[in-house]
Amino acid sequence: LFAEYGFDLDPSMKVSKLSSANLQLVEICKAISNDARIMIMDEPTAPLATNEVDLLFSIIRRLKEKGVAVIYISHRLDEVFDISDRISILRDGCYVCTLNTSETNRSELITKMVGRTLIESYPPRDHDLGDVVLKVDHLTGNSVEDISFDLHRREILGFAGLVGSGRTETMQL
């Protein structure tokens, strides 16, 4: 199955030694080996690098060709448009509607997701952030290096990245 679906994994490797991305591939193979007719994938690309996302999408397309139904849960609209036939929208835990992917667009989806038309996705800031309350220059250690950032009063600063990118290690420092 690994060879058939293009997984570059050593089948004799202990599961405890696999990355979270490879753990997902093993789970998919397990479902395929059990002749699953329905697969539910909840935010499956979160821990994946770009090449791994491409592999996952190719696997999903092959599963579809074999008659497997896939429920793909994601907030990443580009992914949803790339691989889905239909999109069901939930808002505040309630079903809103189901649309054919080919008959909708990003703007309509966002409107249905938030319950109103958004004029701007990222409106310009119209307030002063205030003084710097934390300044970090060239933070190094805990397997990260040369991290610099400023945090201003009244600012929310987010750190994002793939698994292994150093987010958690930076916050621990």
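A donor-acceptor pair under 3.5 Å is formed between the side chain of Thr140 and the backbone N or O of Asp146. The closest donor-acceptor contact from the side chain of Gln24 to the backbone of Pro44 lies under 3.5 Å. Within the 3.5 Å criterion, the main-chain N or O of Lys30 finds a donor-acceptor partner in the side chain of Ser33. At least one donor-acceptor pair under 3.5 Å links the side chain of Asn105 to the backbone N or O of Glu108. Panel note: side chain Ser19, backbone Asn22; a donor-acceptor pair is recorded below 3.5 Å. For Ser74 (side chain) and Val80 (main-chain N/O), no donor-acceptor pair under 3.5 Å exists by modelled atom type.
The shortest distance between side-chain heavy atoms of Val133 and Glu155 does not fall below 4.5 Å. Inter-residue side-chain proximity for Val96 and Leu90 is flagged as unmet; no heavy-atom pair is nearer than 4.5 Å.
In this structure, Asp131 does not pair ionically with Arg154, as no charged nitrogen and carboxylate oxygen lie closer than 4.0 Å.
For Leu157, the CG atom counts as densely surrounded, since its 6.0 Å shell holds more than 12 non-hydrogen atoms of other residues, nucleotides or ligands. Around the CZ atom of Arg86, the shell of radius 6.0 Å holds no more than 12 heavy atoms that belong to other residues, nucleotides or ligands. Within 6.0 Å of the CG atom in Asp8, the count of heavy atoms belonging to other residues, nucleotides or ligands does not exceed 12.
With 3.5 Å as the limit, one finds no donor-acceptor pair spanning the side chains of Glu145 and His138. The closest side-chain donor-acceptor pair between Arg116 and Thr111, if any, does not fall under 3.5 angstrom.
Leu151 CG to Leu134 CG: the interatomic distance, rounded to the nearest 0.5 Å, is 5.5 Å. In this structure, OG1 on Thr117 lies 10.5 Å from CD1 on Ile110, to the nearest 0.5 angstrom.
Note on residues 64-73: pairs passing side-chain hydrogen bond (donor to acceptor under 3.5 Å, both in side chains), not counting sequence neighbours, are Glu4-Lys66, Tyr5-Lys66, Lys64-Asp85, Tyr72-Glu79.
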If you apply the rule side chain to side chain donor-acceptor pair (under 3.5 Å), what do you find for Asn100 with Ser102, and how did you get there? CA-CA 5 Å; Asn100 290 325; Ser102 62; 5.7 Å; no
Please lay out, stage by stage, how Asp82 and Arg61 fare under the test salt bridge (Lys or Arg N to Asp or Glu O under 4.0 Å). CA-CA 10 Å; Asp82 192 17; Arg61 288 182 182 101; 3.0 Å; yes
